[in-house]
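All remarks here apply to the structure that follows.
Values reported hereafter were calculated over all heavy atoms of this structure, with side chains retained and with hydrogens, waters and symmetry mates removed.
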Amino acid sequence: MTHRVTVKVAGLQPVQVLAALAGIAFIVFGVVGFTRTGVGDWSTHSFVLGFAVNPLHNLVHVAVGVLGLVLALGSGLARLYGWLLFLGYGAVFVWGLMITGVLAQNPASEFGNPLALNTNDNWLHLGLALFGLLLAVLPARRRLIEEEEPVLPEQRSAAFRDEHDSPRIEEMDPTVRQHEPITQEQAVVDPKTERMSTDKIKH
């Protein structure tokens, strides 16, 4: 019996747990933001723990949170969520630097500041981008599984198959019969030798 060792992902992965927790945190932060800004006037902005928010910003947080909960269902999807956080919030971080004047040129200056970004938001978005990178590269927890390979039946040799599997002539042609022993009354005297063949007489 031979053994084969394979490596498989072991159960619920840490990246899935972190993605789900991040999703919940985003949703909670977005809902709290809506309690401060409301949903009627999208130009209104307020502050949550020192971070500037407005209804659009809150909606983005809720959407990102729901996406995190959905992608946390699989380890590969959770890593994809990490890459999305890294790329998305990395871009928002750079855009926030342009809006707050840290970077001189803002290629999207005609859109103004639709997310009501401030300096605190920029540092938060940098942290979220790094957190997304952590999710994307977090190693999976694996385990070794030893499996037994099934033993295949040995092939019989050709001579063995011919000897035991080939149909006999008697089975193929019913007219051919085996030589059966005869009784003494059935024995016939050979006219040439006037003797009976005694080796075939059944005793």
What I'd like to find out is whether the side chain of Leu85 reaches to under 4.5 Å of the side chain of Phe26, using heavy atoms alone.
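SC-SC contact between Leu85 and Phe26 confirmed.
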
With [X], which residues qualify under side chain to side chain contact (heavy atoms under 4.5 Å, CB included), at least two apart?
| X | answer |
| --- | --- |
| Phe93 | Leu97, Asn122, His125, Leu126 |
| Val94 | Met98, Leu103 |
| Leu18 | Phe131, Leu135, Leu138 |
| Leu67 | Leu71, Tyr81, Leu84 |

For the student: nearest non-hydrogen atoms of [X] and [Y], plus distance:
| X | Y | result |
| --- | --- | --- |
| Ala116 | Ala52 | O-CB, 2.9 Å |
| Ala78 | Ala19 | CB-CB, 4.0 Å |
| Gly38 | Pro55 | O-CG, 3.6 Å |

Rounded to the nearest 0.5 Å, how far apart are [atom1] of [X] and [atom2] of [Y]?
| X | Y | atom1 | atom2 | answer |
| --- | --- | --- | --- | --- |
| Leu130 | Tyr89 | CG | OH | 13.5 Å |
| Leu133 | Leu128 | CG | CG | 12.5 Å |
| Thr100 | Asn118 | OG1 | CG | 8.5 Å |

Taking a hydrophobic cluster as the set of Ile, Leu, Val, Met, Phe, Trp and Tyr residues connected by side-chain heavy atoms closer than 4.5 Å, whether directly or through intermediates, do [X] and [Y] fall within one such cluster?
| X | Y | result |
| --- | --- | --- |
| Ile24 | Val32 | yes |
| Val92 | Trp83 | no |
| Leu124 | Leu87 | no |
| Leu134 | Leu77 | yes |
| Leu69 | Val28 | yes |

Let me see the working for Asn120 and Phe47 under side chain to side chain contact (heavy atoms under 4.5 Å, CB included), right down to the final yes or no.
CA-CA 11 Å; Asn120 291 340; Phe47 295 90; over 6 Å; no

Looking at Arg79 and Ser75, would you say the former's side chain and the latter's main chain have a donor-acceptor pair under 3.5 Å?
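Checking the backbone N and O of Ser75 against the side chain of Arg79, a donor-acceptor pair under 3.5 Å is found.
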
Under 3.5 Å, which donor-acceptor pairs link side chains of residues 58-65 to any protein atom two or more places apart or in another chain?
{"from": "Asn58", "atom 1": "ND2", "to": "Gly33", "atom 2": "O", "distance (Å)": "3.1"}
{"from": "Asn58", "atom 1": "ND2", "to": "Thr37", "atom 2": "OG1", "distance (Å)": "3.0"}
{"from": "Asn58", "atom 1": "ND2", "to": "Asn54", "atom 2": "O", "distance (Å)": "3.2"}
{"from": "His61", "atom 1": "NE2", "to": "His57", "atom 2": "NE2", "distance (Å)": "3.2"}

Which residues share a ring-ring contact (aromatic ring centres under 6.0 Å, His included) with Phe34, sequence neighbours left out:
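None.
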
Got a sec, which residues hit side chain to side chain donor-acceptor pair (under 3.5 Å) with Asp121, two or more places apart in sequence or on another chain?
none

